[in-house]
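Everything on this sheet refers to the single structure shown next.
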Amino acid sequence: MFVGVSILDCPVQDVFGRTCVPSEDNETAAEYVGLPTCDKVWVYSLSGLMSGFAGVLYARKSSGIPNAGVAYELDAIAAVVIGGTRLSGGKGSDFWPLVGALIMGVLTNMLRLIISTAMSR
């Protein structure tokens, strides 16, 4: 969560973020206008680094479970959709998918508690 909140200011405050936002929207139009565009290799490298870091943290939490993380991609897609991003494409924000992830976490926790109390009866 801390990393997600700290990245919220990156497109506004950082030079790297300000060059990546125009190339994210329409790279050809940004080049025609003369706006600086970023190299996508750095964006994908940073994304891979953060994904690897999250994977290490999750593996540390659930080591020894062979099916840990199965169907988590559906939870991630649901969190983004709850946050307001359209599946058909278009613009999204950084803040609302985090809110969607919090809502998905609360719903998942509530369902697990309901199932565990029903099984204990």
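No hydrogens, no waters, no symmetry mates; every other heavy atom, side chains included, goes into these values.
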Same apolar cluster: M104 and V99, side chain cutoff 4.5 Å: yes
Test applied, side-chain contact (heavy atoms from CB on, under 4.5 Å); reference residue, F53; option that passes from L57, V56, L49: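 Per the side-chain contact (heavy atoms from CB on, under 4.5 Å) rule, the option paired with F53 is L57, out of L57, V56, L49.
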Selection residues 68-79 - residue pairs positive for side-chain hydrogen bond (donor to acceptor under 3.5 Å, both in side chains), sequence neighbours left out: Y58-Y72
To the closest 0.5 Å, what do you measure between [atom1] ([X]) and [atom2] ([Y])?
X    : Y    : atom1 : atom2 : answer
R112 : L107 : CZ    : CG    : 12.0 Å
I114 : N109 : CD1   : CG    : 10.0 Å
W96  : I103 : CH2   : CD1   : 8.5 Å

Closest non-hydrogen atom pair, G100 against I82: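 Smallest interatomic distance, heavy atoms only, reads CA-CG2, 4.0 Å.
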Set of residues satisfying side-chain contact (heavy atoms from CB on, under 4.5 Å) with respect to V41, sequence neighbours excluded: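 Result, side-chain contact (heavy atoms from CB on, under 4.5 Å) vs V41: D39, S45.
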Hydrophobic cluster of V106, others only, ordered by chain and residue number, side-chain cut-off 4.5 Å: M110
Under 3.5 Å donor-acceptor, S116 side chain and L113 backbone: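 Flag set: sc S116 to bb L113 pair under 3.5 Å.
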